[in-house]
There are 2 protein chains.
Amino acid sequence: MYRLTNSFPYLLNRVGVQMGELFSRRIAGYGVTLPMYRVMAALWETGDQRLGDLASMTTIEISTLSRLVGEMKRRGLVTRARLKDNGRTVAINLTPKGRTLVEELIPIAIHFEEVAVRDFPSKNISDLKTVLAEIYESLKSLEPEIEEANKARKAAKSKG
Amino acid sequence: MYRLTNSFPYLLNRVGVQMGELFSRRIAGYGVTLPMYRVMAALWETGDQRLGDLASMTTIEISTLSRLVGEMKRRGLVTRARLKDNGRTVAINLTPKGRTLVEELIPIAIHFEEVAVRDFPSKNISDLKTVLAEIYESLKSLEPEIEEANKARKAAKSKG
DNA sequence: TAACAATAATTGTATTTGCAAATATCGGTC
DNA sequence: GACCGATATTTGCAAATACAATTATTGTTA
């Protein structure tokens, strides 16, 4: 018998939402939101990113990210500039202020992660991470059937 | 060296967002959103819920859920009625229409889950689910230190 | 039983989000 | 080198979301 509360997406989402919510509250005093932290941490790991790359790295929708980066620029946390050799794209980077801030926040993130997983052997956790990364990859195989199913449904509907 | 892209919350969130996005697209043709599906699946598993319980079961913020349930009632998917013996609380249930619909959607959800995890031995997956459930529990221990940290920060600030 | 605190849900309002359309630039081709 | 499709980002706009304040009911106690 199917139970939502034993399904993988449910268990996943619940932990994700809760961790996000707790971390948000923890860093609120620094004047940054969770999406801002994600952007800064992504840039700290791999700077000089284009908007699209940053979007796929953070799984933030691109128009949302465009506005978010605008706000972060306004606050002096990041820079954004059109490239000279390719005017379509922008280069996004941390400012010194942004770097200082994210380097304050990363230890907090590390602590959160440690607390969350401290009851499990580190082997299990690294396995878990591997599984999560591979599941993400295997989701790609669902894409084509989504379009097909929608097409089939549409056709059936117009037929009656 | 810390890397966002190897952190547990990142890997988790990325899979969660992506699964949600794909499933949303898959069920869009049925005229329901992902949050609506979650509510219906939760009610299918455990009907006759109060709003607050439904909120914690689905990890949807309560005011958001209040409006969502209103919309679902309007669409004839759920019922919502004040209790006779306790007028503060409401009882939320699936209508026959809602039940029929969610029973169409659940097989799709099951299929998605199967595809996502089919490269892994089922033992690993059930371990993974256990770990996710336990991590969720252990997050509770972070609550008190969040308040403390914020209080400490505030105090330090007002002092100079 | 009147007064007040606690609980449950809803609503006001401002912010965030995402789709679709618009804008800007590049790369190729005739 | 003008034109056209492809790529990258931004913006218009409507819907979704969350926090705070409000409403409604219940439980407690003096």
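Reminder, nothing fancy here: chain letters follow the sequence lines and each chain counts from 1. Please read these numbers as outputs of a predicted model, since none were measured by experiment.
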Checklist entry - Nearest-Å distance, CG (A/Leu34) to C1' (D/dT17)? => result 15 Å

Checklist entry - Closer than 4.0 Å, any side-chain N/O of B/Thr64 to the OP1 or OP2 of D/dT17? => result no

Checklist entry - What about B/Val17 and A/Leu68, same hydrophobic cluster or not, with Ile/Leu/Val/Met/Phe/Trp/Tyr joined at side-chain heavy-atom distances under 4.5 Å? => result no

Checklist entry - A/Tyr37 vs A/Phe23 aromatic rings, parallel, tilted or perpendicular, using cut-offs 30° and 60°? => result perpendicular

Checklist outcome for this item: Taken to the nearest whole Å, CD/B/Gln49 to P/C/dA9 is 11 Å

Checklist entry - DNA chain C: A/Thr33 or B/Asp53, which has the more 5' nearest nucleotide? => result B/Asp53

Checklist entry - Atom CG of B/Leu83 and atom C1' of C/dT7: how far apart are they, to the nearest Å? => result 14 Å

Checklist entry - Rounded to the Å, how far apart are A/Arg50 CZ and D/dT9 C1'? => result 11 Å

Next on the checklist: Counting distance alone, no hydrogens or angles: does the base of D/dG12 have a donor or acceptor under 3.5 Å from a partner atom on the side chain of A/Arg67?
Outcome noted: yes

Checklist entry - For the pair made of CG in B/Leu51 and P in C/dT7, what is the distance, rounded to whole Å? => result 17 Å

Checklist entry - Of all the choices, C/dA9, D/dT9, D/dT10, which nucleotide is nearest to the side chain of A/Ser66 once you look at every atom? => result D/dT10

Checklist outcome for this item: Taken to the nearest whole Å, NZ/A/Lys84 to C1'/C/dT25 is 17 Å

Checklist entry - Is a side-chain N or O of B/Arg82 found less than 3.5 angstrom from the main chain of B/Arg88, in a donor-acceptor match? => result yes

Checklist outcome for this item: Ranking A/Glu61 and B/Arg80 by the position along DNA chain C of their nearest nucleotide, the one closer to 5' is B/Arg80

Checklist entry - Between atom CD1 in A/Ile62 and atom P in C/dA20, what is the gap in whole Å? => result 15 Å

Next on the checklist: Given the structure, check if the side chain of B/Arg88 and the base of C/dT7 hold any donor-acceptor pair shorter than 3.5 Å.
Outcome noted: yes

Check: residues 8-15 of chain B side-chain donor-acceptor pairs under 3.5 Å, at least two apart:
{"unit_1": "B/Tyr10", "atom_1": "OH", "unit_2": "A/Met57", "atom_2": "O", "d": "2.5"}

Next on the checklist: Whole angstroms only, please: what is the CZ-P distance between A/Arg25 and D/dC19?
Outcome noted: 10 Å

Checklist outcome for this item: On DNA chain D, more 5' by nearest nucleotide between B/Arg82 and A/Thr89 is A/Thr89

Item to check | Partner of B/Glu71 by side-chain hydrogen bond (donor to acceptor under 3.5 Å, both in side chains), out of B/Arg67, B/Lys73, B/Arg75 | outcome: B/Arg75

